[in-house]
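Below is one structure; the comments refer to it alone.
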Protein chains: 2
Amino acid sequence: MPRAGLDPAAVTLAAAGLADEVGLANVTMGALAERLGVRAPSLYKHIDSQADLNRRIALLVAEELGDALREALQGRSGRDALAAAARTMRDYIVKHPGRYATTIRLGVTGPDDPLAIAGARVLDSLAAVLIAYRIDPADKIHALRLLRSLFHGFATIEAAGGFEMNTEVDDSFDWIVDFVDRGLSLRRESSE
Amino acid sequence: MPRAGLDPAAVTLAAAGLADEVGLANVTMGALAERLGVRAPSLYKHIDSQADLNRRIALLVAEELGDALREALQGRSGRDALAAAARTMRDYIVKHPGRYATTIRLGVTGPDDPLAIAGARVLDSLAAVLIAYRIDPADKIHALRLLRSLFHGFATIEAAGGFEMNTEVDDSFDWIVDFVDRGLSLRRESSE
DNA sequence: CAGGGTTGGCTAACGCCATTAGCTTTTAGC
DNA sequence: GCTAAAAGCTAATGGCGTTAGCCAACCCTG
């Protein structure tokens with residue numbers, strides 16, 4: 001019998017896909033093993049524990065999201081950049097609700113934790129959106145938290161099916177992006 | 001031997017408290033039973049299953065949050081109301097992260113589901129914040145979703161310890177409330 | 001205040017899950 | 001080809017949710 005040829009990355013990727021399909025809570029070692037054509041205990045040759053697996057998925061998410069944001073923000077600034085970042089985050093979360101769910105509630109061990117680094121890179125991309133708005137440097141962290149809270153909240157609620165009247169969700173999204181764009185424009189240094 | 005004198009409400013309340021203390025994931029039937037001075041299977045005399053328990057906690061949250069919002073919004077309008085609603089939601093979620101966590105991912109069965117009704121009442125309170133801003137009725141749903149996404153996102157991230165530099169979180173919160181207030185003020189019917 | 005039905009507790013047991021131990025087989029390098 | 005590491009396996013443990021079935025405490029009627 002030939003081997004399955006697994007490695008930590010393959011296991012992580014399969015787990016992420018399974019999470020998106022059946023929900024993070026249903027990603028059991030047995031189900032994951034079955035999908036990989038292997039028995040559950042064999043997975044422990046590649047990952048330490050389920051907590052370790054979640055951590056690896058979260059790292060994957062941070063990398064994927066960071067890549068997607070950098071890609072989307074290339075050559076854009078101001079309102080274009082804002083809309084692109086918002087759409088990128090929304091699309092990613094709605095498309096990958098299971099893997100995204102791993103990113104809430106994880107203990108970052110230290111500043112050299114790969115997860116902390118990848119997360120910081122995501123935040124850096126969001127911060128890049130703010131450049132063209134020329135926000136007062138002292139307010140930058142607040143504006144960044146606004147974007148993060150809003151995008152995270154909107155996409156999370158949408159992914160959970162929390163909005164009624166599905167057809168209007170796109171309109172709400174556009175309206176909110178416009179709302180933030182106008183608000184940030186008012187806060188340019190020159191306007192105070 | 002005397003009886004413990006439990007009922008569904010007492011079990012739900014104890015579970016909500018335990019969730020806040022140890023995290024929703026650690027609310028096991030055994031731990032909950034122990035806190036109530038009872039053995040795990042006895043809990044099934046009061047609740048149907050763990051899913052049923054989560055549902056009951058979520059309903060409790062919707063009622064508590066609705067009550068708190070109505071209380072806080074009494075006699076306030078405009079910016080005051082916005083700030084009060086934001087603070088109420090934030091305080092509640094940060095103080096009760098475990099029980100609040102039950103409100104994500106729950107299937108509402110129909111429009112007469114008590115959970116749907118209680119949830120709608122929470123949204124009604126948020127909608128009351130918008131009255132004084134005299135938003136164009138067609139935009140009301142979008143503004144409501146803005147508030148909901150933002151408050152939910154901010155408090156969720158804060159409760160999960162997602163913001164660095166803890167001391168500045170209060171400042172960010174105030175800044176964001178101010179940002180939304182100004183943005184909504186611009187959208188009064190008269191201003192378009 | 002007697003007794004019978006209902007209610008709320010208990011123990012025992014099942015199946016599923018994560019995880020560990022220890023064995024066997026494949027595979028890569030010399 | 002030989003050997004050692006890596007990667008799979010089966011078996012077993014302990015914890016969890018849940019069900020079945022038993023017994024004691026309570027309420028309520030007479």
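Every chain is numbered from 1, with letters handed out A, B, ... down the list of sequences.
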*Give B/Ser42 one of three labels, base, sugar-phosphate or nothing, depending on what nucleic acid heavy atoms sit under 4.0 Å from its own.*
base
*Would the B/Tyr92 and B/His96 ring centres measure less than 6.0 Å apart?*
yes
*Between C/dC16 and A/Thr28, is there an OP1 or OP2 to side-chain N/O distance shorter than 4.0 Å?*
no
*Over how many whole Å does the gap from B/Ile47 atom CD1 to D/dT19 atom P extend?*
11 Å
_Length of the line joining A/Leu24:CG and C/dA18:C1', which is rounded to integer Å_ = 15 Å
*Short side-chain N/O contact from A/His46 to OP1 or OP2 of D/dA6, under 4.0 Å*: no
*Rounding to a whole Å, what distance do you find between A/Tyr44:OH and D/dA6:P?*
20 Å
_Per B/Val38 side chain, nearest of listed nucleotides C/dC10, C/dT19, D/dC9_ = C/dC10
*Looking only at side-chain atoms of B/Pro41, point me to the closest of D/dT19, C/dA18, C/dG9.*
D/dT19
_Counting only heavy atoms from other residues, nucleotides and ligands, does the tally under 6.0 Å from CD of B/Glu168 exceed 12?_
yes
*Measure the distance from CG on B/Leu43 to C1' on D/dG17 and round it to the nearest whole Å.*
11 Å
*Atom NZ of A/Lys45 to atom C1' of D/dT10: distance rounded to whole Å?*
13 Å
_Rounded interatomic separation in angstrom, taking CG from B/Leu32 and C1' from D/dG15_ = 16 Å
*Is the shortest side-chain N to carboxylate O distance from B/Lys95 to B/Glu64 below 4.0 Å?*
no
_How many whole angstroms separate atom CG of A/Leu6 from atom P of C/dT26?_
16 Å
*Could B/Arg145 and A/Phe154 be counted as a cation-pi pair, given that NZ or CZ must be under 6.0 Å from the ring centre and within 45° of the axis?*
no
*Could you tell me the separation between the CD atom of B/Gln50 and the P atom of C/dC16, rounded to a whole number of Å?*
17 Å
